[in-house]
2 protein chains.
Amino acid sequence: MSIPDKEITIYDIAKALNISAATVSRALMDHPSVNINTKAKVQEAAKSMGYRSNQMASNLRKRKSNIIGIIVGNLNSSFMSNVIAGAEKVLSEAGYNLIISQSLDNVSKEINIAQAMYNNRVDGLLVSLAYETENADHFESFVKRGIPLVYFDRVWPHPKCPGIEIDNVKAAYDITEHLITQGCKRIAHITAFKISSVAADRFTGYKKALEDYNIPFNESLVIKTDLTMNAGIDAAHQIMNMEERPDAVFVTNDACAVGCMQETKKFGIRIPQDIAFAGFNNDTEASIIEPNLTTVNYRGDIMGEEAARILIDRINNASAAAQPAKKIMQKSEIIIRDSSVKRK
Amino acid sequence: MSIPDKEITIYDIAKALNISAATVSRALMDHPSVNINTKAKVQEAAKSMGYRSNQMASNLRKRKSNIIGIIVGNLNSSFMSNVIAGAEKVLSEAGYNLIISQSLDNVSKEINIAQAMYNNRVDGLLVSLAYETENADHFESFVKRGIPLVYFDRVWPHPKCPGIEIDNVKAAYDITEHLITQGCKRIAHITAFKISSVAADRFTGYKKALEDYNIPFNESLVIKTDLTMNAGIDAAHQIMNMEERPDAVFVTNDACAVGCMQETKKFGIRIPQDIAFAGFNNDTEASIIEPNLTTVNYRGDIMGEEAARILIDRINNASAAAQPAKKIMQKSEIIIRDSSVKRK
DNA sequence: ATGAAAGCGCTAACAT
DNA sequence: ATGTTAGCGCTTTCAT
């Protein structure tokens, strides 16, 4: 038949079996107090009649959407794909569905997404902020209504919202230190236009390392961009036009680092001999570009799983949710590759 | 207050304003027949009372979830990120929310996702199949209930489901022809284990080009893999172990091509002189690897927008949905880069 | 072990 | 222009 048939409800099953809808509902949920025979009959009837449970109705009644929202800057990185795979694994096992949205690192889009997710009454939220985002007021409505929110990677400090991230200060310190021990003295840093907490932490680590090694911090070596690959190309031009060129560049993400490296090479600059490079994230591109890019690595899948677990815990556990949120530091490591090793 | 307050409903607003809930509902939806003053009063009250519309209830009542499901193999590519950005743009303008899931190119996961989306009563579905998928039975329930489904990129031919894709046969033909005109005679082809319609089309294009140029098709030059980057590494070993090595490799996607190229280079093989390479998709990696990878390019954002538009049309338009679904061919182009150009 | 009945929060005839 | 009323399909007390 070409006209779609009417939706089959539990009432239809109830009528067919001459029992009440309540029993059907219970049987379908495998409620312990339903007779095993009835259960079997119901399940069979459901199958043969083509019944499909209507989540919308169930959700409304239970006042629970069974949906977790996840907001990220951009889906386009192996890191994010892994985070999502990890989160999805844990959440789907716990019976949740996922609504994923990318803000494209744009604050107003992030605000709209947050609104839509609120109206859909998500049961919880996993958020990695846009690079642009400078405050998290648009998530206050969730906090107010007691809807758990867990930040990951690009986090916002909030007494009620746990955040899982890496020690950005330390990782940036380590990588800067590495560049210094390779003999670099003029280390440029490419960071975000609007400095979010993550970019700020990395900037801090960079400055701290310089300080510890008695290298004066030089504002003119700091380049602010939107951290896209194209921005990296522009940054390369800025570097080429500097009166005194840097001997190393530490970029706060890999995408931008790769763009910058590629463009720099076009000027005949040798990497790492003339300018060493380091990035952040260990995206796939980092081990494809030549020379391979030194960077900071951390596991997206683990971060996603962990964030999801914390979130579920807060959803199920009012007492867990009531506790002050703590920051969780996930381990990270710097991966030294040829882009930064100045052999004799 | 720390305990979340009770949810504010239209009844609360109605009571506060001494009007009926129906009027509140209408005012909130900006229904034309509501007095402009009442509208203003309602909107103000809603704001001051902290009212947030409950989509779950609205959805149930309207029997419309306002949700579009989108299923892809993997989110981790610039192409997919662009498709999603394109689709999201069109869909959010039309008032829809998106549930995105990645099958990780695994059929059983794809089946589960389809189930969950059905139960959530998505209003429509955008699907790019897993590489593994060999039939689309798990989407029949949508078709039966008249829920519009539009395939994109990795499509399945179905009389009721439009598909938007590129001419894979032609693109593969063109790229193979290009390799032939560069003087290649032994062209290997790396394709999927389970040959889906997309991989099959590309395989067909490859064979057709060989035939037209009187190069006998050689089964031993066909390598079947799961098309990941790691699979490309394995494929490189297979190639190195061949008694008579190929002088070109056409891989059915870029990720696998890049893995294969990198590993091949480690054997001291010169690209393109010893072995030329070509991929498919124009992922970011293709223009990062050295030499840059010849590939097939097509716009993800446009594909996403177009697929979304067709879907919305079918949702709003029973007559559009009733028409036999046509295939839409989006334009694509081959991008010739250094990985395949054998200069004199 | 099962049923009756109420209601989640909203919208849409149908009245007025 | 507004109100009345009846559900959307499900779950869950409270009875029995």
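So that the names make sense, note that chain A is the first sequence line, chain B the second, and so on, each numbered from 1.
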Interatomic distance where [atom1] belongs to [X] and [atom2] belongs to [N] [whole Å]:
X: B/Arg121; N: D/dG9; atom1: CZ; atom2: C1'; answer: 9 Å
X: A/Tyr51; N: D/dC10; atom1: OH; atom2: P; answer: 4 Å
X: B/Met56; N: C/dC10; atom1: CE; atom2: P; answer: 10 Å
X: A/Lys41; N: C/dA1; atom1: NZ; atom2: P; answer: 14 Å
X: A/Lys64; N: C/dG9; atom1: NZ; atom2: P; answer: 16 Å
X: A/Leu17; N: C/dT2; atom1: CG; atom2: P; answer: 11 Å
X: A/Met29; N: D/dT13; atom1: CE; atom2: P; answer: 11 Å
X: B/Asn59; N: D/dG9; atom1: CG; atom2: P; answer: 13 Å

Keeping to residues at least two apart or across chains, list the ring pair (Phe, Tyr, Trp, His ring centres under 6.0 Å) pairs with something in [range].
range: residues 83-110 of chain A; answer: none
range: residues 115-137 of chain B; answer: B/Tyr118-B/Phe142
range: residues 28-86 of chain A; answer: A/Phe79-A/Tyr298

Report task. Tell me what A/Thr9 touches on the nucleic acid: a base, only sugar-phosphate, or nothing, going by heavy atoms under 4.0 Å. Result -> sugar-phosphate
Report task. Provide the full list of salt bridge (charged side-chain N to carboxylate O under 4.0 Å, His left out) pairs with a residue in residues 69-88 of chain B, sequence neighbours left out, each pair given once. Result ->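 The answer is A/Lys109-B/Glu88.
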Query raised in the report: Could A/Arg145 and B/Glu7 be called an ion pair, given the rule that one side-chain N must be under 4.0 Å from one carboxylate O?
Result: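 Looking at A/Arg145 and B/Glu7, the cut-off is met.
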**Report entry** Partners meeting side-chain hydrogen bond (donor to acceptor under 3.5 Å, both in side chains) with B/Asn66 (sequence neighbours left out)
**Finding:**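 If we apply the side-chain hydrogen bond (donor to acceptor under 3.5 Å, both in side chains) test to B/Asn66, skipping adjacent residues, there are no hits.
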**Report entry** Short side-chain N/O contact to C/dT2 OP1/OP2 from A/Ser33, under 4.0 Å
**Finding:** no
Query - Under 4.0 Å protein heavy-atom contact, by nucleotide of nucleotides 3-8 of chain C - B base, S sugar-phosphate only - result: BB-BBB
